[in-house]
Amino acid sequence: MPGLLSSPVCLTVIWFLSLSLPPSCAQIQTDEVSGVQYGHLQWNVTLACGNSQISRIPVVWHLNNSAVLPWHKVTSDGRLVLLSVDQSAQGNYSCYDNSGLLLHSVNLRLGYPPGHLHISCRLTNHSHVRCYWRESVKTFLPATYSAFLMGKENAEWKACNIDVTHKHCDADDHNFYNTMHLLNVTETNALGSLSTYFQMRMFEQLKPDPPESVLVEKVEDFPQRLMVSWSYPSSWPKDRDWYTLKFQMRYRPQGSKYWSQIPTKENAVMIFDTLAGHLTEVEVRGMDAHISESQWSEWSRTIFGRPWEASTTPDPTVDPDVEFPEDFLFTTQPDSTTTKSYNVLEDEGNLALVILLVLFSMFILTSVLSLIFVVRMRRRQREHATKQELTSMVKMKAMPI
Ligand SMILES: *[C@@H]1O[C@H](CO)[C@@H](O)[C@H](O)[C@H]1NC(C)=O
Ligand SMILES: *[C@@H]1O[C@H](CO)[C@@H](O)[C@H](O)[C@H]1NC(C)=O
Ligand SMILES: *[C@@H]1O[C@H](CO)[C@@H](O)[C@H](O)[C@H]1NC(C)=O
Ligand SMILES: *[C@@H]1O[C@H](CO)[C@@H](O)[C@H](O)[C@H]1NC(C)=O
């Protein structure tokens, strides 16, 4: 499919710019109010025992009220340096003076500064874009985001409305037509901040929602036909003169690997060659009819349909013992399809019976033959024995006494 091959993934130019803060200032981020200090995993982290006035007093450090500390050293001015910290070094650090007086306590949280984001955007229609991002680095720290969108023509950043929990942002713009846009998402945590830029041609990201209300209906008297209809996605503009979709409908008998596909510009299509008597799976997808660089929607949910069938089982309300008038019997005679399948079944039964008979007679034949063989052998052995007896008797008689 040329539409998919020239997909925006191949054509869109993505570039990243890093604006991370210098690491030296990231390491000693301390929030005095909440008593939390953030540190970079794998680096050395220095904890100060309060402000510098107490620097001359020898101090004792505790972690979570225990004197057991991770790999560390204490500087002459009482600061605790934790070396190459890992996750287990997190906790509540407190320092005491010689008399056991608590001088200061701080909670240490460890993680990484933000890394680049993986960004993807999608237009559900010509004026609405939603962009998603995913971290390339697990930071272990709470983060905030900001996102801005800029069209190449108006060169002015506009906010993209952020949903922090789902990590996406939404923007509406009526100037999305055929223009280059730049999205900037900035992630910030206690250890730093990083902006990722994503450039896109808007229409390459145009990917409608899948068609809705897909309906599969049987067609009376046609065991190989199915009527499939659907409606435009509700997020698509209602003005059908300007905004039209083209569709692909695909179908296959349930369990089959191979789809058959029908392209159409209508929102209904007839299948003429479905497998009679089988459940058929049907899916539909849509794409902007005029913008060839745009993308196909996802396939709709699978809908199942069974083509029309002449009823094969007799009407359960009909009692075979009841006598019917002659003309009634005539009209309820089974039609050709059902008769055919019945004959097939009967033939199969006969074949099985014939095979069984042949096998049985072969068995009898071999038994009889082996019986005859055994009897023959026995008789021959006996004859041999009597002959030997006779000769030995003759020999004995011939011997001189
Ligand atoms: C951490 O401190 C140790 C001891 O002072 C030093 O040898 C090492 O280079 C430091 N590591 C880093 C990443 O600064
Ligand atoms: C210290 O306490 C914190 C918070 O309760 C906990 O996450 C951390 O694992 C503890 N650290 C140690 C070394 O026990
Ligand atoms: C840390 O430990 C100290 C001393 O036990 C205590 O006073 C302080 O409230 C603790 N801080 C936190 C945030 O748990
Ligand atoms: C475009 O899609 C968005 C989100 O799906 C929707 O809220 C908006 O109403 C749609 N616009 C039109 C003109 O249908």
Side-chain angles (χ1 to χ4, degrees), residues 15-119 133-147 162 164-167 184-198:
W15 79 80
F16 301 106
L17 289 173
S18 70
L19 299 174
S20 50
L21 292 175
S24 53
C25 70
Q27 196 200 11
I28 47 166
Q29 279 255 336
T30 313
D31 190 338
E32 284 293 342
V33 181
S34 63
V36 179
Q37 176 168 341
Y38 295 93
H40 192 301
L41 279 164
Q42 268 118 48
W43 288 9
N44 295 341
V45 172
T46 303
L47 303 176
C49 183
N51 52 42
S52 52
Q53 272 124 35
I54 51 156
S55 62
R56 254 162 278 137
I57 305 167
V59 295
V60 178
W61 282 93
H62 279 183
L63 165 58
N64 290 358
N65 297 321
S66 149
V68 182
L69 295 172
W71 188 30
H72 72 281
K73 62 181 188 185
V74 181
T75 61
S76 56
D77 58 358
R79 283 184 295 166
L80 177 69
V81 183
L82 301 167
L83 302 166
S84 313
V85 288
D86 62 18
Q87 297 271 8
S88 71
Q90 296 188 114
N92 180 6
Y93 287 83
S94 34
C95 61
Y96 302 85
D97 70 3
N98 274 343
S99 62
L101 177 71
L102 175 67
L103 299 172
H104 183 71
S105 85
V106 66
N107 243 306
L108 180 64
R109 286 199 63 179
L110 298 168
Y112 295 104
H116 294 292
L117 301 172
H118 299 292
I119 297 180
W133 59 87
R134 205 159 39 77
E135 282 95 1
S136 61
V137 169
K138 186 156 173 48
T139 65
F140 303 103
L141 297 177
T144 57
Y145 301 91
S146 67
I162 286 176
V164 181
T165 42
H166 298 108
K167 295 189 176 154
N184 161 7
V185 182
T186 303
E187 180 183 355
T188 305
N189 71 18
L191 299 180
S193 178
L194 190 95
S195 293
T196 304
Y197 291 83
F198 179 71

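- For the pair L110 and L141, the tightest heavy-atom approach, listed with the atom from each and the gap, is O-CD2, 3.7 Å.
- Rounding to the nearest 0.5 Å gives a distance of 9.0 Å between CD1 of I162 and OH of Y145.
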Stepwise side-chain contact (heavy atoms from CB on, under 4.5 Å) check, Y197 with S195:
CA-CA 7 Å; Y197 291 83; S195 293; 3.9 Å; yes
I would like to know whether L108 and Q37 meet side-chain contact (heavy atoms from CB on, under 4.5 Å); could you show each step before the answer?
CA-CA 5 Å; L108 180 64; Q37 176 168 341; 4.3 Å; yes
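- One finds the CG atom of L117 at 9.0 Å from the NZ atom of K167 (value rounded to the nearest 0.5 Å).
- Looking at P58 and N98, their side chains come closer than 4.5 Å, going by heavy atoms from C-beta outward.
- The shortest heavy-atom contact between L103 and Y96 is CD1-C, 3.9 Å.
- By the 4.5 Å heavy-atom criterion applied to side chains, E135 and P114 are not counted as neighbours.
- Checked by atom type and distance alone, the side chain of N189 pairs as donor or acceptor with a backbone atom of Y112 at under 3.5 Å.
- Shown here for E187 and A143, the closest heavy-atom pair between the two residues is OE2-CB, 3.5 Å.
- Closest heavy-atom contact between L82 and H72: CD2-CB, 3.9 Å.
- For the residue pair D86/S88, the side-chain donor-acceptor check at 3.5 Å is satisfied.
- Between the N64 side chain and the N92 main chain, a donor and an acceptor come within less than 3.5 Å of each other.
- Note that the CG atom of L47 and the CG atom of L63 stand 9.5 Å from one another [nearest 0.5 Å].
- N184 and T186 form a side-chain donor-acceptor contact under 3.5 Å, judged by distance and modelled atom types alone.
- Distance check: W61 CH2 to S94 OG gives 8.0 Å after rounding to the nearest 0.5 Å.
- For the pair T75 and T46, the minimum side-chain heavy-atom distance is 4.5 Å or more.
- Here R79 pairs with D77 under the salt bridge (charged side-chain N to carboxylate O under 4.0 Å, His left out) rule; sequence neighbours left out.
- Ring centroids of W133 and F198 are separated by 6.0 Å or more, keeping the two rings apart.
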Apply side-chain hydrogen bond (donor to acceptor under 3.5 Å, both in side chains) to the pair S193 and T188, showing each step before the final yes or no.
CA-CA 4 Å; S193 178; T188 305; 3.2 Å; yes
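- If you take NE2 on H62 and CG on L102, they are separated by 10.5 Å, rounding to the nearest 0.5 Å.
- Taking both residues in full, the closest heavy atoms of C49 and H104 are given as C-CB, 4.0 Å, listed atom of the first, atom of the second, then distance.
- In this structure, the side chain of S136 engages the main chain of H116 through a donor-acceptor pair within 3.5 Å.
- The shortest heavy-atom contact between L191 and G111 is CD1-O, 3.5 Å.
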